[in-house]
Amino acid sequence: MTVLDRAPLDVLDAYRTCEFATLAKDGTPLAWPTAVTRREDGTLLLTTSLAFSQKALNVRRDGRVALLFSDPTGSGFDQAPQLFVAGRAECPEQVMTGPRGAEEYWRTLFERQPHSRAYLSPAMRPLMSWYYLRLLITVEPERVTVRPPLSALTRQGAPAPVTGAAPLPGAPQLGRFPTAVLAARDASGAPVLARTRPAPGADGYLVEVPPDCAPEPGPASLLVHRHDELLNHMYNALVRGDLRRTDAGWTLVPSTVVEPMGSGRATDALRVLRRTKRSTDRYLERRGLRRPKVQWDRFRELAARDRAPAATGAAPLPRVVRSPHH
């Protein structure tokens, strides 16, 4: 029996994405949406491209991580419970150029995100080679907690904002979503995650946490993200700040806002594609590595299995930079 066997595995497997938190160099817990595959040995497999390698670098520095399965969009479960997993992760240096060792991960992704198959077409390869140069992250779960469905939180309605307060950093981003994911640290310094309903106050965002989550004051962040039933039309933003205990309750005092894929403007796609190329080149150069060749045929073979008719054709450029797992 593994740690994950204490959770409803059919629900965990059905989630299209989860929120994955690592610890930044300054100790800030940073959460981003990502795709996950459960292995038979009870571990969880994630991947990250070289262009978005910060998760991997964080894991190599401090293996303590947290995952929260809380957005059931596309899962087929109307009342899916939220699942919190705490554990330790490892990320080898080896750059994967093909699906070997992560076949189930890629097969599931191609099935659930059919438009991503178009990235393998000859016309798209010059733009998308960075996407297939990946690092594998394996998580060994140490604790799992089952929480009420997200609908139980959203049914409470949006909390009333404090009137007369000046706009806070992150207000436009957080204001588009009924809930956000708080990433904080517990007493041991490990990351913890919880869905919450941020309410703008005079100095920051008031946040409530479930009884099983015990955050400590210090660096923290709030993540918002979305995707549709086919893992398309994605958006994510992160508000970094400091979590403080105030008379009104836990308050996240914001400092900076990060929108890695832009705000949705047409020019964002080209800007992100240029940045991903530079980031990939920089990762390889710092390690004295030449850019390896992607095993396109291996990916195409895997994507062709159970291929849906709707998956043919080229993907629009904005979709190129809207992956759930970077």
Side-chain angles (χ1 to χ4, degrees), residues 17-36 44 46 48 52-71 82-91 135 137-145 147 150 153 168-170 173-174 177 179-198 204-225 236-246 249-260 324-326:
T17 63
C18 77
E19 295 85 31
F20 177 58
T22 60
L23 295 171
K25 191 173 183 179
D26 66 355
T28 303
L30 304 176
W32 294 108
T34 186
V36 180
L44 297 171
L46 305 85
T48 187
F52 295 93
S53 61
Q54 193 58 56
K55 291 189 291 294
L57 301 179
N58 290 346
V59 164
R60 291 169 186 168
R61 186 187 316 106
D62 191 328
R64 295 175 295 178
V65 299
L67 304 91
L68 180 64
F69 298 80
S70 64
D71 180 356
Q82 299 180 67
L83 306 174
F84 171 75
V85 179
R88 289 187 175 271
E90 294 182 347
C91 182
L135 303 168
I137 300 174
T138 299
V139 177
E140 183 75 41
E142 297 178 336
R143 176 166 56 95
V144 61
T145 303
R147 295 174 182 164
L150 177 60
L153 186 63
L168 296 166
Q173 291 80 11
L174 296 179
F177 296 83
T179 64
V181 174
L182 172 69
R185 298 185 302 187
D186 64 16
S188 72
V192 291
L193 294 167
R195 276 275 174 180
T196 186
R197 298 178 303 140
Y205 297 99
L206 300 175
V207 293
E208 295 181 356
V209 296
D212 63 78
C213 181
E216 290 288 317
S221 60
L222 284 168
L223 167 70
V224 289
H225 70 98
N236 55 71
L238 189 76
V239 180
R240 297 182 61 164
D242 190 65
L243 187 64
R244 303 174 185 175
R245 194 190 299 271
T246 67
W250 286 110
T251 300
L252 189 286
V253 180
S255 56
T256 58
V257 180
V258 183
E259 289 180 300
H325 58 298
H326 296 336

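As a basis for the values below, the full set of heavy atoms in this structure was taken, side chains included, without hydrogen atoms, waters or symmetry mates.
- Between Ala220 and Leu243, the closest heavy-atom pair is CB-CB, 3.8 Å.
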Could you give me the CA-CA distance, side-chain angles and deciding distance for Arg195 and Asp71, then say whether side-chain contact (heavy atoms from CB on, under 4.5 Å) is met? CA-CA 10 Å; Arg195 276 275 174 180; Asp71 180 356; 3.8 Å; yes
Report the C-alpha distance between Arg185 and Leu23 in whole Å, list the side-chain angles of each, state the deciding distance to 0.1 Å, and finish with yes or no for side-chain contact (heavy atoms from CB on, under 4.5 Å). CA-CA 9 Å; Arg185 298 185 302 187; Leu23 295 171; 4.1 Å; yes
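- Closest approach of Gln173 to Ala237, counting heavy atoms only: CG-CB, 3.9 Å.
- You'll find the side chain of Leu193 stays beyond 4.5 Å of the side chain of Phe20, heavy atoms only.
- Between Phe84 and Pro191 the shortest heavy-atom distance is CZ-O, 4.3 Å.
- By the 4.5 Å heavy-atom criterion applied to side chains, Thr179 and Phe177 are not counted as neighbours.
- For CD of Glu90, the number of neighbouring non-hydrogen atoms (other residues, nucleotides, ligands) closer than 6.0 Å is 12 at most.
- Side-chain atoms of Arg60 come within 3.5 Å of backbone N or O of Cys91 as a donor-acceptor pair.
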side-chain contact (heavy atoms from CB on, under 4.5 Å), that's the test. Do Cys18 and Leu68 meet it? Break it down for me. CA-CA 6 Å; Cys18 77; Leu68 180 64; over 6 Å; no
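- The salt bridge (charged side-chain N to carboxylate O under 4.0 Å, His left out) test applied to Arg88 returns Glu142, not counting sequence neighbours.
- Looking at every heavy atom in both residues, Pro254 comes nearest to Val239 through CB-CG1, 3.6 Å.
- Here the side chains of Val209 and Pro215 are in contact, with some heavy-atom distance below 4.5 Å.
- The two atoms that bring Leu30 and Ala24 nearest to each other are CD1-CB, 3.7 Å, heavy atoms only.
- Salt bridge status for Asp26 with Arg240: present, with a side-chain N to carboxylate O gap under 4.0 Å.
- In this structure Arg245 satisfies the salt bridge (charged side-chain N to carboxylate O under 4.0 Å, His left out) test with no other residue, sequence neighbours excluded.
- Proximity of Asn236 to Pro260: side-chain heavy atoms (C-beta onward) are separated by under 4.5 Å at one or more points.
- Using a 4.5 Å cut-off on side-chain heavy atoms (C-beta onward), His225 and Thr17 make contact.
- Of the residues Val181, Thr196, Leu238, the one that meets the side-chain contact (heavy atoms from CB on, under 4.5 Å) test with Leu222 is Thr196.
- The two residues Val85 and Pro141 make their nearest non-hydrogen contact at CG1-CB, 3.7 Å.
- Of the possible donor and acceptor atoms, one in the side chain of Arg64 sits under 3.5 Å from a partner among the backbone N and O of Ser188.
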Could you walk me through whether Trp32 and Val258 pass the side-chain contact (heavy atoms from CB on, under 4.5 Å) check? CA-CA 11 Å; Trp32 294 108; Val258 183; 4.0 Å; yes
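- Within the 3.5 Å criterion, the main-chain N or O of Pro29 finds a donor-acceptor partner in the side chain of Ser221.
- Side chains of Gln82 and Pro210 form no contact here, defined as non-hydrogen atoms less than 4.5 Å apart.
- Within the model, atoms OG1 of Thr34 and CG of Leu44 stand 11.0 Å from one another, a figure rounded to the nearest 0.5 Å.
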